[in-house]
2 protein chains.
Amino acid sequence: MYDQIEDYIRNKITVTDDELKTILSYFKPLTPKRNELLVTHGQTSQRMFFVGKGCLRIFFINEEGHDATRYLAFENNFATGMVSFITKEPSLEFIQALEETELLYITQDDFHYLLETIPSWEKFYRYYLEMAYVTNTNRLMSFITMDAKERYKQLLSQKPDVVQRLPNKMVASYLNISQETLSRLKSKI
Amino acid sequence: MYDQIEDYIRNKITVTDDELKTILSYFKPLTPKRNELLVTHGQTSQRMFFVGKGCLRIFFINEEGHDATRYLAFENNFATGMVSFITKEPSLEFIQALEETELLYITQDDFHYLLETIPSWEKFYRYYLEMAYVTNTNRLMSFITMDAKERYKQLLSQKPDVVQRLPNKMVASYLNISQETLSRLKSKI
DNA sequence: GACAAACATTGATATAGGTCAAAATCAGAT
DNA sequence: ATCTGATTTTGACCTATATCAATGTTTGTC
């Protein structure tokens, strides 16, 4: 798994072998069970995760108890309750392992320590923030300019693995529609 | 106006007088007319704006020609078509001055030049990205977990100036509801 | 390979919010 | 002050999607 994260990081920034060694030394393994919650409502999101195997989802729950998925991270992606990671306030986002999952994580404190000591880590964080921003804004745009069918078609073409790999319930939560509506959409398209 | 932006920057990061002077030298004034478009669909968002006076709005238009406002920037705020500014791809976001507006702008090239030459500008950008991310994610959350009435009540309590200062049409576009629905909500609350 | 539990589909009905159209109100230019 | 156009409100009706309930289909476990 450390090979995977090494590839990921080297792909985004230029680091010396020493720097990379230091960076990786702060990442610890974690293997949550299927459906285990890593962050629940009100906790501060103190860790950033790298997914080596399996899948993490980040989601909100509204007052009626409905959940809506903000982000799905499969293999070779980072994920965290980013708002809480930034603001250090309690998280409104939950994090859940959807499959048998293998993770590496770094704590917020260690992450910030790296920001101060390894200049290229600041570059990494810049890259990460930029990507996270773009992803979220595209998602925001899809919700305010597209209807359910369009969002489903976009998902099919842009992230077919989400539809293939996850149960309907999760796909529906990602599209923010009911399972029934998703089922009807599938039969029509 | 340069006083305002100076205050803003000094408030976020620590810079020497010299550095600040250099930074400000890259900001040029611009005074668009009411309703003037600064970025239209398909253009690359090459500039980042600081609002000294007036108001900018950033919005999308969907296939049926409906517009939905992503962000409103009043005095003493930065605004840009951030996705295009990051990716350098053509913008799906429009930028419009809603009032007689006084701006300062910096080009993307100059912005990146500052990132490379003034280390604290990297800190500024990090701060900016973090805030932009938090703002957008909260907005995403409001759309996927709240109904029209809740979004309106939240806006009233968190940004009453938006409701007071802008015409209904803009408020409705910001909430992503029709003007008629907004009018009915107002009469009920 | 049988059973329970989870998951997916289908049908009937409800509802938030949209659309269209008309009336009422407001605001800037003369 | 008065007109003209823009903005806001109100009413009638429509549509996408939710909800509830029943049925059908997988999937994992012993």
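Both backbone and side-chain heavy atoms feed into the values below; hydrogens, waters and symmetry mates do not.
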Looking only at N and O atoms, is any donor in the side chain of B:Arg184 or the base of C:dG18 less than 3.5 Å from an acceptor on the other one?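 By the distance-only test, no, there is no pair.
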Can you tell me whether the side chain of A:Gln179 and the base of C:dC7 have a donor-acceptor pair closer than 3.5 Å?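 A donor-acceptor contact between them is absent.
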Can a cation-pi geometry be assigned to A:Lys88 and A:Phe85, taking NZ or CZ under 6.0 Å from the six-membered ring centre and within 45° of the ring axis?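 No, A:Lys88 does not sit over the ring of A:Phe85.
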Tell me whether B:Arg139 forms a cation-pi arrangement with B:Tyr174, defined as NZ or CZ under 6.0 Å from the six-membered ring centre and within 45 degrees of its axis.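 Checked: cation-pi criterion met.
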Is any side-chain nitrogen or oxygen of B:His66 closer than 4.0 Å to OP1 or OP2 of C:dT19?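 Looking at the OP1 and OP2 atoms of C:dT19, one of them is under 4.0 Å from a side-chain N or O of B:His66.
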Checking all strands, does A:Ile177 fall into the base, sugar-phosphate, or nothing category for heavy-atom contacts under 4.0 angstrom?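 Sugar-phosphate, backbone atoms only, no base.
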Take atom [atom1] of [X] and atom [atom2] of [N], then tell me their distance rounded to the nearest Å.
{"X": "B:Asn168", "N": "C:dT25", "atom1": "CG", "atom2": "C1'", "value": "13 Å"}
{"X": "A:Asp147", "N": "C:dG18", "atom1": "CG", "atom2": "P", "value": "13 Å"}
{"X": "B:Glu64", "N": "C:dC20", "atom1": "CD", "atom2": "C1'", "value": "16 Å"}
{"X": "A:Lys169", "N": "C:dA5", "atom1": "NZ", "atom2": "P", "value": "16 Å"}
{"X": "B:Asn176", "N": "C:dA16", "atom1": "CG", "atom2": "C1'", "value": "14 Å"}
{"X": "B:Leu175", "N": "C:dG18", "atom1": "CG", "atom2": "P", "value": "10 Å"}

Quick check on the 6.0 Å ring-centre criterion: do A:Tyr125 and A:Phe111 meet it?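 Yes, ring centres under 6.0 Å apart.
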Looking at A:Phe78 versus A:Phe124, is the centre-to-centre ring distance below 6.0 Å?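 Yes, they do, as the ring centres are separated by less than 6.0 Å.
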Connected-component partners of A:Leu92 among ILVMFWY, side-chain separation under 4.5 Å: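 Its cluster partners, ordered by chain and number, are A:Phe60, A:Leu140, A:Met141, A:Phe143, A:Ile144, B:Phe60, B:Leu92, B:Leu140, B:Met141, B:Phe143, B:Ile144.
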Earliest and latest nucleotide of DNA chain D, 5' to 3', sitting under 4.0 Å from a non-hydrogen atom of chain B?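 It runs D:dT8 to D:dA12.
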On DNA chain D, check which nucleotide each of A:Glu180 and A:Arg151 is closest to and give me the residue with the more 5' one.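 The residue mapped nearer the 5' terminus is A:Arg151.
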If you define the side chain from C-beta out and look only at heavy atoms, does anything of B:Pro167 sit under 4.5 Å from B:Met170?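 Yes - at least one pair of side-chain heavy atoms lies under 4.5 Å apart.
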According to a 4.5 Å side-chain heavy-atom criterion applied to Ile, Leu, Val, Met, Phe, Trp and Tyr, with indirect links allowed, do A:Leu20 and A:Phe50 form part of one hydrophobic cluster?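 Yes.
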